[in-house]
A.B. asks: 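This is the structure I want to talk about, given as structure tokens.
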Amino acid sequence: MPDTVPPQIAERARWLREEIERHNYNYYVLDRPTIPDADWDRLFAELRALEAQYPQLATPDSPTQRIGAPPRADLAAVRHAVPMLSIRSETDATAQAAYAFDARIRRELGLSVKDPPVEYSAELKFDGLAINLRYEEGVLVLGATRGDGMTGEDVTANVRTIRQIPLRLHTPQPPPVVEVRGEVFIRREDFERLNAQLQAQGEAPYVNPRNTAAGSVRQLDPAVTARRPLSFFAYGIGEVVGWELPPTHSALLDQLARWGVPVNDLRAVVYGGQGLAAYYQRIITLRQHLPFDIDGVVYKVNALAWQQRLGFVTREPRWACAHKFPPQEATTTVLDIEVQVGRTGAITPVARLAPVFVGGATITNATLHNEDEVRRKDVRIGDTVIVRRAGDVIPEIVGVVLERRPPHTQPFRMPSRCPVCGSRIERPEGEAVARCTGGLYCPAQRKQALLHFASRRALDIEGLGEKLVDQLVDSGLVRDPSDLFKLDVPTLAALERMGEKSAANLVAAIARAKETTLERFIYALGIRHVGESTARDLARHFGSLDALMAADEAALLQVPDVGPVVAASILRFFAEPQNRQVIGKLRAAGLRWPEGGPQSARACGPLTGKTFVLTGTLPGMTRQEAAARIEAAGGRVSETVSKKTDYVVAGADPGSKLLRARELGVPVLDAEAFKRLLEG
DNA sequence: GATCCTCGAGTTCC
DNA sequence: CTCGAGGATC
């Protein structure tokens, strides 16, 4: 291999790199190819040949590096120089949120009615994956995902394969360091084409564009990412060294565009709440005609000096807000209304729907909750209904399109007998839920009881899912939870879709579950009205299973949050000879947990008397560990946010609890503040 | 007796 | 996530 590159070869390689990048930019960013594909191929082949001959020419910013970097064993963690914050979002379906945001900004800036309207940068909110691109001396040196905001994953090799992302910034000369932040996403058309291709190859298609983009960037093998038609738009910056920033956010994006970074041109500079609302309305009508999915718009105070004055609340900038679009709706038809039997025998009507794609997923089922709900909406088999995928996940039938109701439909009627076991269905006076009276005689209830027993928060038996429980119960191998501990590998391996390996794994998981805690065991029993929280209180109060089983009503009523209804339910459960027998068999099978005496009140510490609610993921700590530490310090952990909550601890990717906390004015702690509080 | 705070239970899709 | 209902509180 020659050590030195002849100057004319080096010059030729440099020219080829620039030429190819220029054509890439015209083709992928501007959508205006300037040379035929065949010519591009020739340039590319020539450059690759030169680099093969003189490997020192294969610099990290060479277009050939967009593919062919070796797969990595895992993605390394990268600490962001400047945290990648999330942005506060409003889901108000009207333009109202735009005015509310403007009013808040004016108030916080101390502006009076006499002051002119605030200038904003309004932009699209892309539905993809947030990425940080670090350029040093204009060369792309690092690409990282957002991760938890502080630490992301190194996806440099993958990001290099995205042709819209420049490997080298254009002139005018970029500063020593600039981090570009933006969203990697996929166009609808590209998504469809990719899926057709995957299906043709017999592979599973992706469900929605967002997942495709995220999944493609977080690939281990850059060659796979290279084959994905990903797009990119920048929306901001991270760390900057040696660049005197322009006065406004919009000018900043203009500069990024001049450097060759794709910036969407549906952004606008608007004035006041009215300007924001008008932008929102304009985009909402444009939405369906856009070649990509967006889930809303983003408003930012344009003047960087004002942004600085407004600052941050916990993890969110005060100067920006996302205004999400109303949940997506679609119409479909009701194929059937079936009823399901739950663990407690609750009968739930469920609508089977003709598959329909709403809000990024195909919906085939939607719960109708209970008899009253079906009657209120008067959903019938054959009806055309509007379904909505509200907020995030759970689909909901919004209503029936009565004009399209076919003739001769019948109102839904609750069956009088359980479809699974044939027992009578009863609906107690004044209650909303109808129940199968079959108890554990009903196979459906027995299966649900087993699934509950094995669930993560109970005994946590990994691998014991619905299909398997169906087989175990139907074959008669398992009648109650204690039978699980008698299963062996040959018996299991004889079942459908079960090999030696899975059977051995399951047996091991079952054996592992024998070592448990009293609260988990009590919860696993599935006593009505005794959930996770009550099980913990009972375990603490009585200290041992025998003490709990021996307790009378008066003793049970001493436990916090246990009243007459819950006490009666517990007494009824332990009075049942069959239940006592199963407990005996479980103990004989070797189920064990540490037992102590009754523990009196909670530990005392700096947090005594304080109630916490956790949401999102905390770095370096599981939810359980965080809860344990709060309790060790004398605090209480609750599941729901209310006025009585003292602190909400928000980790990365927080849920609706954070919104509720803000509504109620409950103080919110981020991971850092939480740690400080724990340490006193 | 009314109201508020919680917990329990059921559900969907990847 | 949402609804229903039990428990606590005033």
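Computed from a predicted structure; not experimentally measured. Just so it is clear, the values below take in all heavy atoms, side chains as well, and ignore hydrogens, waters and symmetry mates. Residue numbering restarts at 1 for every chain, and letters A, B, ... go by the order of the sequence lines.
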A.B. asks: dT6(B), dG6(C), dC13(B): which one has an atom nearest the side-chain heavy atoms of Lys644(A)?
C.D. replies: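 Among dT6(B), dG6(C), dC13(B), the one nearest the side chain of Lys644(A) is dT6(B).
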
A.B. asks: Would you classify Val350(A) as touching base, sugar-phosphate or nothing, given that sugar-phosphate means primed atoms plus P, OP1 and OP2, and contacts are heavy atoms under 4.0 Å?
C.D. replies: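 Val350(A): backbone/sugar contact only, no base atoms under 4.0 Å.
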
A.B. asks: Between atom CG in Asn370(A) and atom P in dT2(C), what is the gap in whole Å?
C.D. replies: 16 Å

A.B. asks: OP1 or OP2 of dA9(B) less than 4.0 angstrom from a side-chain nitrogen or oxygen of Arg528(A), does that happen here?
C.D. replies: no

A.B. asks: Between atom CG in Leu556(A) and atom C1' in dG6(C), what is the gap in whole Å?
C.D. replies: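 Leu556(A) atom CG is separated from dG6(C) atom C1' by 15 Å.
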
A.B. asks: So if I take every side-chain heavy atom of Pro395(A) and compare against dG4(C), dG10(B), dT12(B), which nucleotide ends up nearest?
C.D. replies: dT12(B)

A.B. asks: Rounded to the nearest angstrom, tell me the gap between atom CG in Leu557(A) and atom P in dG6(C).
C.D. replies: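 My rounded result for the distance is 15 Å.
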
A.B. asks: Under 4.0 Å between a side-chain nitrogen and a carboxylate oxygen: does that hold for Lys447(A) and Asp474(A)?
C.D. replies: yes

A.B. asks: If only side-chain N and O atoms of Thr344(A) are considered, is one of them under 4.0 Å from the OP1 or OP2 phosphate oxygen of dG8(B)?
C.D. replies: no

A.B. asks: Thr367(A) side chain: which of dG7(C), dT11(B), dC7(B) is closest?
C.D. replies: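 Output: dT11(B).
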
A.B. asks: For Gln558(A) and dG7(C), what is the distance between atoms CD and P respectively, to the nearest whole Å?
C.D. replies: 14 Å

A.B. asks: So what does Glu431(A) touch, heavy atoms closer than 4.0 Å: a base, only the sugar-phosphate, or nothing?
C.D. replies: sugar-phosphate

A.B. asks: Look at Thr364(A) and dC13(B) and indicate whether a side-chain polar atom (N or O) is within less than 4.0 Å of OP1 or OP2.
C.D. replies: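 Yes, Thr364(A) has a side-chain N/O under 4.0 Å of OP1/OP2 on dC13(B).
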
A.B. asks: Assess, by modelled atom type and distance only, whether the side chains of Ser416(A) and Arg424(A) contain a donor and an acceptor separated by less than 3.5 Å.
C.D. replies: no

A.B. asks: Any side-chain N or O of Asn365(A) under 4.0 Å from OP1/OP2 of dC13(B)?
C.D. replies: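 Yes.
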
A.B. asks: Show me, pair by pair, the donor-acceptor contacts under 3.5 angstrom made by side chains of residues 448-460 of chain A, not counting sequence neighbours?
C.D. replies:
unit_1    : atom_1 : unit_2    : atom_2 : d
His452(A) : NE2    : Tyr523(A) : O      : 2.8
Ser455(A) : OG     : His452(A) : O      : 2.8
Arg457(A) : NE     : Glu532(A) : OE1    : 3.0

A.B. asks: Side chain of Asp336(A), backbone of Arg352(A): donor and acceptor closer than 3.5 Å?
C.D. replies: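 Here the side-chain-to-backbone pair does not exist.
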
A.B. asks: Measure from the side chain of Ser533(A), starting at C-beta and using heavy atoms only, and say which of dG8(B), dG4(C), dG6(C) lies closest.
C.D. replies: dG8(B)

A.B. asks: For the pair made of NZ in Lys643(A) and P in dC4(B), what is the distance, rounded to whole Å?
C.D. replies: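 It works out to 7 Å between those atoms.
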
A.B. asks: When you measure from the side chain of Lys125(A) to the backbone of Ile294(A), do you find a donor-acceptor pair of N or O atoms at a distance under 3.5 Å?
C.D. replies: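 Flag not set: sc Lys125(A) to bb Ile294(A) has no pair under 3.5 Å.
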
A.B. asks: Please state how far atom CD in Glu373(A) lies from atom P in dG4(C), giving the value in whole angstrom units.
C.D. replies: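 After rounding, the gap between these two atoms is 8 Å.
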
A.B. asks: Any side-chain N or O of Gln340(A) under 4.0 Å from OP1/OP2 of dG10(B)?
C.D. replies: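 For Gln340(A), the contact criterion (side-chain N or O under 4.0 Å from OP1 or OP2 of dG10(B)) is not met.
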
A.B. asks: With respect to the side chain of Ile363(A), which nucleotide from dG7(C), dA5(C), dC13(B) is positioned closest?
C.D. replies: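 Output: dC13(B).
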
A.B. asks: Less than 4.0 angstrom from a charged side-chain N to a carboxylate O is my criterion; do Glu153(A) and Arg218(A) meet it?
C.D. replies: yes

A.B. asks: Counting only side-chain nitrogens and oxygens, does Thr534(A) get under 4.0 Å of the OP1 or OP2 atom of dG8(B)?
C.D. replies: yes

A.B. asks: Output the rounded distance in Å from CZ (Phe612(A)) to P (dC5(B)).
C.D. replies: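 Atom CZ in Phe612(A) sits about 19 Å away from atom P in dC5(B).
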
A.B. asks: OP1, OP2 of dC13(B) versus side-chain N and O of Thr362(A): anything below 4.0 Å?
C.D. replies: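 For Thr362(A), the contact criterion (side-chain N or O under 4.0 Å from OP1 or OP2 of dC13(B)) is not met.
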
A.B. asks: Any idea which of dA9(B), dC7(B), dG4(C) is nearest the Ser638(A) side chain?
C.D. replies: dC7(B)

A.B. asks: Rounded to whole Å, please give me the gap between CG in Leu368(A) and P in dG4(C).
C.D. replies: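 The answer, rounded to whole Å, is 13 Å.
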
A.B. asks: For dT11(B) and Thr348(A) - does any side-chain N or O of the residue sit under 4.0 Å from the phosphate oxygens OP1/OP2?
C.D. replies: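 So the side chain of Thr348(A) is within the cut-off, an N or O lying under 4.0 Å from OP1 or OP2 of dT11(B).
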
A.B. asks: For the side chain of His529(A), starting at C-beta, report the closest nucleotide among dT12(B), dG4(C), dG6(C).
C.D. replies: dG6(C)

